[in-house]
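See structure below.
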Amino acid sequence: MTVRQFNKLPADKQAEVHKAYLALMSPSNVAALANPEPADTRAIPRGHFSDGQKLAIGRWLLHHKASLPHGHFGPWVEKQEGLSRSMAHQCMAMVKNRQGGGEG
């Protein structure tokens with residue numbers, strides 16, 4: 001049902017729909033993920049990356065590096081499935097070179 005359709009309903013029907021929605025969305029009715037991935041890790045597919053992919057990974061890594069305390073970035077990188085430290089450094093270097101060189 002769209003918002004427009006909902007708004008066209010009489011007030012009593014809107015109340016019924018709203019009550020049903022709240023019952024369906026109750027925490028007791030929403031199933032939790034079986035084994036959610038930690039929010040600070042990401043599986044990176046193995047293989048060759050395009051420059052665009054490396055830049056995206058590099059930006060993502062630099063964002064996380066800035067948010068971590070000194071000395072925690074290396075161990076954090078090791079948790080990233082499919083990403084080696086050397087690839088991490090290469091991707092971050094590409095971003096830094098692009099920013100410093102004014103290429104975009």
Side-chain angles (χ1 to χ4, degrees):
M1 172 176 286
T2 66
V3 173
R4 179 174 279 154
Q5 291 169 330
F6 177 81
N7 288 334
K8 288 182 179 180
L9 292 174
D12 61 327
K13 294 293 181 188
Q14 285 183 4
E16 287 180 37
V17 170
H18 185 67
K19 185 177 177 182
Y21 171 78
L22 292 176
L24 287 171
M25 298 309 293
S26 159
S28 62
N29 289 332
V30 178
L33 294 175
N35 188 9
E37 288 246 350
D40 62 345
T41 63
R42 175 184 288 182
I44 297 176
R46 294 194 179 272
H48 296 284
F49 299 110
S50 69
D51 285 350
Q53 290 170 317
K54 287 180 183 178
L55 287 168
I57 292 168
R59 285 189 293 270
W60 176 70
L61 290 169
L62 288 169
H63 168 77
H64 284 285
K65 184 175 183 176
S67 69
L68 293 170
H70 181 76
H72 287 78
F73 182 68
W76 179 85
V77 168
E78 291 173 359
K79 290 182 187 178
Q80 307 311 309
E81 187 177 321
L83 182 67
S84 66
R85 278 192 183 208
S86 63
M87 177 57 77
H89 288 293
Q90 180 183 355
C91 293
M92 291 187 301
M94 282 185 74
V95 172
K96 289 178 182 176
N97 289 340
R98 287 274 174 114
Q99 290 173 346
E103 295 177 26

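Contact check for Leu55 versus Trp60: no side-chain heavy atoms found under the 4.5 Å cut-off.
Taking each heavy atom of Cys91 and Leu61 in turn, the nearest pair found is CB-CD1, 4.4 Å. For the residue pair Gly71 and Pro75, the shortest heavy atom distance occurs at O-CD, 3.6 Å. The heavy-atom pair separating Val77 from Ala88 by the smallest distance is CG1-CB, 3.9 Å. The two residues Phe73 and Leu68 come nearest to each other via the heavy atoms CA-CD1, 3.9 Å.
Taking His18 as the reference, Leu22 meet the side-chain contact (heavy atoms from CB on, under 4.5 Å) condition, with sequence neighbours excluded. Under the rule for a side-chain contact (heavy atoms from CB on, under 4.5 Å), the partners of Leu62 that lie at least two apart in sequence or sit in another chain are Met92, Val95, Lys96. Scored by the side chain to side chain donor-acceptor pair (under 3.5 Å) test, Glu16 finds no partners at all (sequence neighbours excluded). Here Glu78 pairs with Arg85 under the side-chain contact (heavy atoms from CB on, under 4.5 Å) rule; sequence neighbours left out. Pro10 meets the side-chain contact (heavy atoms from CB on, under 4.5 Å) test with Asp12, Lys13; sequence neighbours excluded. When the side chain to side chain donor-acceptor pair (under 3.5 Å) test is applied to Ser67, no partner is found at least two apart in sequence or on another chain.
Within the structure, the salt bridge (charged side-chain N to carboxylate O under 4.0 Å, His left out) test picks out no pair touching residues 86-95 (sequence neighbours left out).
Rounded to the nearest 0.5 angstrom, Arg59 CZ and Met94 CE are separated by 9.5 Å. Atom-to-atom distance recorded for Gln14:CD and Lys19:NZ is 16.0 Å, nearest 0.5 angstrom.
A distance-only check finds a donor-acceptor pair linking the side chain of Gln53 to the backbone of Ser50 [under 3.5 Å].
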